[in-house]
Amino acid sequence: PLMLWRWATGARVEQIYLPIEAVAPALPLAVLVAEDARYCIHGGVDFAAMRDAIDEADDVSQMRGGSTIAQQTAKNLFLWPGRSVVRKALELPLALWLDLVLGKRRLMEVYLNIAEWGPGGEFGAEAGARRAFGRSARELSAREAALLAAILPNPRRRSAARPGPGVRRLAGIYESRSRSSATVAECLRRQARL
């Protein structure tokens, strides 16, 4: 819906689909450790993370994100941006369905290709990598992949090309965790063999 809205209003949209096999392996790993560390063990919705997010918030306006890759994909494909109970209620069954129907590897591929990666209408990892680093998502280093993952919560305000101290700090954490995430890497490889 966000891409369609931009097209309908005449705003710029850049989106180049890239199969997951063509993406630098560091990018899906960095995205998983940044956005959904339990990706390989839940069925599209991480109820434990949602419970933690609810418990930590004093009220709904303070609630941090607890969305999985499947939930974010459901929102990006079918729903609207912003926070609302109605959107979240619609998002949950869609996320469960996407995880079941697509499987982990294909779901990650779709997410990497539809997520917003820049302030100028860049959607998908390829457009984000070109904007930030002037090259394809195929050629990303582990550090560049971690920088892209660090801007995902708000690519309109954060920059991988000119990262501030917070983005650099998060990227360092994600890069380090990616190196030690053999189970996540195996999850995506295993899905490719099925």
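No hydrogens, no waters, no symmetry mates; every other heavy atom, side chains included, goes into these values.
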Polar side-chain atom of [X] near backbone of [Y] as donor-acceptor pair, under 3.5 Å:
X      : Y      : result
Thr73  : Ile69  : yes
Arg138 : Val23  : no
Glu126 : Gly124 : no
Lys104 : Tyr39  : yes
Arg158 : Ala150 : yes
Gln15  : Asn113 : yes
Thr68  : Asp46  : no
Ser176 : Ile173 : no

If we only count heavy atoms from C-beta on, is the [X] to [Y] side-chain gap below 4.5 Å?
X      : Y      : result
Leu94  : Leu79  : yes
Leu77  : Val110 : yes
Leu98  : Tyr111 : no
Phe123 : Ile114 : no

Shortest non-hydrogen contact from [X] toward [Y]:
X      : Y      : result
Pro81  : Lys75  : CA-CD, 4.5 Å
Ser136 : Ala129 : C-CB, 4.0 Å
Leu152 : Ala115 : CD2-CB, 4.2 Å
Ser178 : Val33  : OG-CG2, 3.6 Å
Pro155 : Gly118 : CB-N, 3.6 Å
Ala95  : Ala74  : N-CB, 4.0 Å

salt_bridge([X], [Y]) N-O dist < 4.0 Å:
X      : Y      : value
Glu122 : Arg12  : yes
Glu144 : Arg135 : yes
Glu175 : Arg143 : yes

**Message:** Would Leu18 and Leu112 count as a side-chain contact (heavy atoms from CB on, under 4.5 Å) here? Give the steps.
**Reply:** CA-CA 9 Å; Leu18 199 61; Leu112 291 173; over 6 Å; no
**Request:** Take Leu147 and Leu170 through the test side-chain contact (heavy atoms from CB on, under 4.5 Å) and record every step on the way to the result.
**Result:** CA-CA 8 Å; Leu147 284 165; Leu170 285 174; over 6 Å; no
**Request:** For Glu116 and Arg156, run side-chain contact (heavy atoms from CB on, under 4.5 Å): C-alpha distance rounded to whole Å, both residues' side-chain angles, the deciding distance at 0.1 Å, then the answer.
**Result:** CA-CA 9 Å; Glu116 188 175 17; Arg156 293 180 188 194; 2.9 Å; yes
**Request:** Give the intermediate values and the outcome of side-chain contact (heavy atoms from CB on, under 4.5 Å) for residues His42 and Asp36.
**Result:** CA-CA 10 Å; His42 63 66; Asp36 190 357; 2.9 Å; yes
**Item:** Pair Tyr17, Glu109: side-chain N/O donor-acceptor within cut-off below 3.5 Å
**Value:**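 The answer is yes; a qualifying pair exists.
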**Item:** Test side-chain hydrogen bond (donor to acceptor under 3.5 Å, both in side chains) applied to Ser67 and Lys88, Gln72, Glu35, the passing residue
**Value:** Lys88
**Prompt:** Above 12 or not: heavy atoms from other molecules or residues under 6.0 Å from CH2 of Trp5?
**Reply:** no
**Prompt:** Side-chain heavy atoms under 4.5 angstrom apart, residues restricted to Ile, Leu, Val, Met, Phe, Trp, Tyr: same cluster for Leu100 and Met108?
**Reply:**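 No, because Leu100 and Met108 fall into different hydrophobic clusters, even though each may have its own neighbours under 4.5 Å.
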